[in-house]
Each structure stands twice: as structure tokens, then as C-alpha cells.
Amino acid sequence: PTGCQCGFRLTPWWSSDVNWAMKASEITAQGVLLSAMGAEGCKTLFADARPVEYRAGQTIFAAGEPGATLVLIEEGRVEVSITSITGRKSVLAHMGPGEVLGEIAALDGDTRSADSVAATRVSGRILSRDNVLAFVSARPKVAQALIVELCRKVRNASEMFLTQAVIEGEPRLARGLLRLFDQWGSEGEGGTVLMTERFSQQEIGEFSGLARENVNRQIKMWTEAGMLRNEGRKLVLLDRDALEELAES
């Protein structure tokens with residue numbers, strides 16, 4: 001993705017006092033599929049959805065299990081990862097409010113391709129595969145938007161594999177941080193960008209394919225160089241051009 005997609009706390013759409021047009025516009029920044037439905041479409045699809053909550057560290061979906069449901073994330077952050085046969089964990093994405101989790105397996109009926117774990121406390125709405133398929137089959141525009149959303153996920157996975165394929169640790173970390181700032185960044189004064197979500201160095205390392213010690217050392221160097229700043233245990237991007245140059249080196 002390009003530019004900042006600032007996070008938000010999603011007000012339940014099914015409340016009677018919700019301005020549905022306003023909520024639909026907020027969804028646009030987070031998910032192509034839901035925004036294409038429009039306010040009434042969202043209301044119809046999730047009218048019978050069951051509210052769910054997950055504690056931090058709890059597995060939402062496990063790789064290999066049947067894909068019978070999907071979850072609309074309302075609050076919190078979900079880490080999506082795969083683990084190799086040697087036990088190495090690779091984080092594919094961090095998903096947040098307004099994004100739909102597990103739709104690929106729910107749509108094709110196959111098993112989950114990755115683990116999805118609540119990185120923080122997560123609340124959302126869960127739907128069955130049957131309900132989703134019935135809704136999409138009756139609405140061609142939604143089906144088209146679904147294709148776009150799935151293609152976006154393929155591109156996201158491709159970007160992740162490209163980042164992991166970079167041999168040098170410095171450009172690999174730079175690419176990982178830029179992706180996190182693009183998804184979780186909030187623009188500040190003077191072109192600075194605050195990462196609204198708090199990521200540990202371990203999480204950043206797993207996302208970038210680096211050891212925590214290497215992340216710690218590199219972030220410290222970039223902070224001393226004036227590219228980054230720590231603010232309340234959250235990273236602030238001060239010089240995007242410099243980080244992008246490193247990402248391409």
C-alpha cells in the first residue's frame with residue numbers, strides 16, 4: 001500500500017443510532033470488499049453475525065483447520081503467520097479494525113492457509129461460510145469487489161516474500177517498517193508519521209525476517225541518525241525518503 005491508512009475504532013454498524021453512510025466511508029480506508037457493499041449491504045450481511053472476543057495471544061484460526069467462518073475485526077490487532085517445518089515463524093500481515101479475517105478459506109471451502117492470533121484483545125463479528133456465499137452470489141458488484149480484495153491480498157503476500165528474499169538486514173527491515181507505517185501510521189506535523197499501534201521489536205523482527213537483536217541495533221542507529229523517534233513506546237517516522245532509499249539499496 002502507499003500513503004498512510006490511519007486506524008480507527010469501529011462503532012458497531014448494527015446500532016440503531018449509527019450514521020450508515022458515515023460508517024461506509026470509514027470502511028473504504030480499510031477494506032475494498034466491505035466498502036463495495038454500501039451501508040445497507042453491510043447491515044444486511046452482518047445483521048445475524050455473532051459478536052466474538054479474543055484475548056491477547058489467543059488463536060482465532062489455525063492453519064489446516066476447516067474454513068467455515070470469517071471474522072470482521074472491530075477492535076484490536078490480529079497477527080497472521082505461517083510456520084515452516086523447521087519451526088521458523090514468518091509473519092505475513094497485521095490486520096486491524098475494518099478488515100475481514102479468514103475470507104479466503106471461507107469462500108473456497110478449503111482449509112486455513114495460515115495461523116491468525118490475537119496480538120491484542122480483539123473484538124469482532126463472526127459469520128458462517130453459507131451466509132457469506134448466499135450474500136455474494138446474489139450481488140454481482142460485491143463479487144467483483146471480492147476479486148479485487150483477494151488480488152490485494154496476493155499482492156500483499158508477494159511484497160512480504162520480496163521483503164524476506166532481501167539478503168541484507170538493513171533494507172529488509174526498512175521495507176518491513178515502511179509497510180507497517182503505511183498500514184498503521186497517523187500523519188503528524190512536518191510530515192512525520194506516528195505508528196498508532198505498538199509493535200514489539202520481536203514482532204517487527206518476525207515481520208521482517210530478522211532476529212530481535214538485529215532490529216534493536218538497527219532501530220537504535222536510525223534513531224541516532226534522525227530517521228526515527230520513540231514516542232511512548234511507539235515509533236515515529238521522521239524521514240521517509242531516507243528509509244525508502246535504504247529499502248531500495
Side-chain angles (χ1 to χ4, degrees), residues 1 4-5 7 54-65 71 73 75-97 99-102 104-105 111-122 152-185 193-223 227-228 230-237 243-244 246-249:
C4 287
Q5 297 180 331
Y54 305 93
R55 65 182 183 278
Q58 183 175 355
T59 297
I60 300 175
F61 297 138
E65 71 178 14
V71 172
I73 304 170
E75 292 184 321
R77 173 167 58 90
V78 177
E79 178 188 271
V80 181
S81 67
I82 57 175
T83 303
S84 70
I85 58 175
T86 61
R88 179 181 178 181
K89 175 182 173 183
S90 296
V91 176
L92 303 178
H94 291 274
M95 301 179 66
E99 294 189 277
V100 178
L101 179 68
I104 295 178
T111 57
R112 306 290 184 190
S113 59
D115 295 317
S116 300
V117 177
T120 65
R121 188 189 68 82
V122 171
R152 184 187 68 82
K153 287 188 174 293
V154 171
R155 290 180 182 274
N156 180 71
S158 297
E159 289 177 3
M160 185 63 198
F161 292 139
L162 179 61
T163 297
Q164 296 284 4
V166 175
I167 298 176
E168 297 296 329
E170 189 175 51
R172 183 183 296 182
L173 179 58
R175 292 184 184 190
L177 284 177
L178 285 170
R179 292 182 65 213
L180 291 176
F181 275 114
D182 283 342
Q183 182 175 6
W184 300 93
V193 181
L194 170 68
M195 196 176 293
T196 57
E197 182 70 14
R198 182 181 300 169
F199 290 91
S200 69
Q201 292 183 350
Q202 180 70 29
E203 289 176 317
I204 294 174
E206 291 173 342
F207 188 61
S208 305
L210 296 171
R212 185 192 62 80
E213 293 78 10
N214 293 335
V215 173
N216 179 282
R217 181 175 62 254
Q218 196 64 66
I219 287 180
K220 183 178 180 181
M221 291 175 58
W222 290 344
T223 300
M227 295 167 53
L228 300 173
N230 281 296
E231 188 173 296
R233 295 179 63 187
K234 296 180 179 179
L235 285 176
V236 179
L237 178 59
L243 196 61
E244 287 181 339
L246 288 171
E248 297 302 322
S249 61

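Here, residue 1 is the first one in the sequence, and each next residue gets the next number. Remember, it's a predicted structure, so these values are computed and weren't measured experimentally.
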Of all heavy-atom pairs between A63 and S113, which one has the smallest distance, and what is that distance?
-> CB-C, 4.3 Å

Does some side-chain heavy atom of E244 sit less than 4.5 Å from a side-chain heavy atom of L178?
-> yes

Counting distance only, does the side-chain N/O of S90 pair as donor-acceptor with the main-chain N or O of I82 below 3.5 Å?
-> no

Euclidean distance, I73 CD1 relative to S116 OG, rounded to 0.5 Å = 8.0 Å

R198 backbone acceptor or donor facing R77 side chain under 3.5 Å = yes

Single hit among H94, E99, E197 for side-chain hydrogen bond (donor to acceptor under 3.5 Å, both in side chains) with Q183 | E99

CD (Q202) and CG (L210) are apart, to the nearest 0.5 Å, by 11.0 Å

Under 3.5 Å donor-acceptor, R175 side chain and A247 backbone | yes

With the side chain counted from C-beta on, respond yes when V236 and V193 share a heavy-atom pair under 4.5 Å apart, and no when they do not.
-> no

Checking side chain to side chain contact (heavy atoms under 4.5 Å, CB included) for the pair V117/V78: CA distance, chi angles, key distance, verdict?
-> CA-CA 6 Å; V117 177; V78 177; 5.9 Å; no

Is the closest side-chain heavy-atom distance between T59 and D115 below 4.5 Å?
-> no

Looking at OG of S200 and CD of E206, how far apart are the two atoms once the value is rounded to the nearest 0.5 Å?
-> 7.5 Å

side-chain contact (heavy atoms from CB on, under 4.5 Å) with I204: which residues, sequence neighbours excluded?
-> L173, L177, L180, F199, S208, V215, I219, L235

Exercise: identify the closest heavy-atom pair between W222 and L243 | CZ3-CD1, 3.8 Å

Sub-3.5 Å donor-acceptor pair from the side chain of T83 to the main-chain atoms of K89, do we have one?
-> no

Heavy atoms of V91 and S81 approach each other most closely as CA-CB, 3.9 Å

The reported gap from CG in L237 to CZ in F181 (rounded to nearest 0.5 angstrom) is 4.5 Å

CG of L228 to CE of M221: how many Å apart, nearest 0.5 Å?
-> 11.5 Å

Heavy-atom pair with the smallest gap, counting every atom of L194 and E231 | CD1-OE2, 4.4 Å

Rounded to the nearest 0.5 angstrom, the CG-CE distance for N230 and M195 is 10.5 Å

Any donor-acceptor N/O pair, R212 side chain to G205 backbone, under 3.5 Å | no

Minimum heavy-atom distance F207-L92, with the two atoms named | CE1-O, 3.8 Å

Audit row: M95, V80, side chain to side chain contact (heavy atoms under 4.5 Å, CB included) steps and yes/no = CA-CA 8 Å; M95 301 179 66; V80 181; 3.8 Å; yes

Nearest heavy-atom pair of E203 and A119: which atoms, and what distance?
-> OE2-CB, 4.0 Å

